[in-house]
Amino acid sequence: MKLPGAHRADLARSVRLLRAFRVEQTDPDFFYGLLAQDTVDQLQSYADLAGAVVLDVGGGAGYFAEALTRAGARIVCVDCDAGEMSARGEVVPGGVVGSALDMPVRTGTVDVCFSSNVLEHVPQPYAMADEMLRVTRPGGTIFLSFTNWLSPWGGHETSPWHYLGGHRAARRYERKQGRRPKNVFGESMYAVSVGEMLRWARQQSEAEVVDILPRYLPAWAKGVVRVPGVREVLTWNLVLVLRKR
């Protein structure tokens, strides 16, 4: 069941987010702060965050943790990179070093398991999704968002050349920029499709699918996720919302 909330997935919001993408590298505080607040507003359409224990998987520098805390949540952040968690000068409160594929969290202990744009950075996306389901209590919410490989931003900073192959795009980036990309295909970035994650979600016996939507697009574009092939390009970023049985 979707809860009433203030989040409005209209065209103006989509334009605002897409414009912000242009300064991701040059002004990360602005971009990630805006994205985090928008995402928490969206999450509150599915879960009451006041007093809830929220596990932020791959929370990095803590932008989402800050927005979740403002919403009244109690935060645990699991990230494999201690340096990333202290990138803004302070270690993220509630931060724990650990792998998203084998989280140091007891089974069925969190109210909400949340992850934004981490799934495409792990070599075993199903294992990460399974872990998110494992740690969530019965009745709890799983909110999993990721950038799908065939979207225009699927190659991250190597886009749109990733359409010609991830390794080729990485080599081109290195020639042009004089350095390796932060997100290296086959090492720290992998090809994840909308179709395969929809299959994973629909096959779960321990959870029901609450919603599936393109994260950055207006609400009226939601139907694109039902069109095989087209959804891989137009979705940009997929959100899966599940409720643990």
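The chain is numbered in sequence order, starting from 1.
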Spacing of CZ belonging to Arg13 relative to CG belonging to Leu18, to within rounding of 0.5 Å: 9.0 Å

Assess the residue pair Gln37 and Asp41 against the criterion (side-chain hydrogen bond (donor to acceptor under 3.5 Å, both in side chains)); give the C-alpha distance rounded to whole Å, side-chain angles, the decisive distance to 0.1 Å, and a yes or no. CA-CA 6 Å; Gln37 188 57 59; Asp41 291 343; 3.0 Å; yes

Separation between CG of Leu35 and CG of Leu17, rounded to the nearest 0.5 Å: 6.5 Å

As an exercise, state the distance from CZ of Arg172 to CD of Gln177, rounded to the nearest 0.5 Å. 8.5 Å

Partner of Thr39 by side chain to side chain donor-acceptor pair (under 3.5 Å), out of Gln44, His7, Arg215: Arg215

Is a side-chain donor-acceptor pair under 3.5 Å present for Asn183 with Ser188? no

No-hydrogen, no-angle side-chain donor-acceptor test under 3.5 Å, Arg179 and Tyr173: yes

With Asp111 as partner, the option from Leu49, Thr136, Asp48, Val53 fulfilling side-chain contact (heavy atoms from CB on, under 4.5 Å) is Val53

Distance (rounded to the nearest 0.5 Å) between Arg231 CZ and Asn148 CG: 10.5 Å

Would the number of heavy atoms belonging to other residues, nucleotides or ligands and lying under 6.0 Å from CD of Glu196 be above 12? yes

Is there a donor-acceptor contact under 3.5 Å linking the side chains of Arg137 and Thr109? no

Taking only Lys NZ, Arg NE, NH1 and NH2, and the carboxylate oxygens of Asp or Glu, determine whether Glu174 and Arg171 approach each other closer than 4.0 Å. no

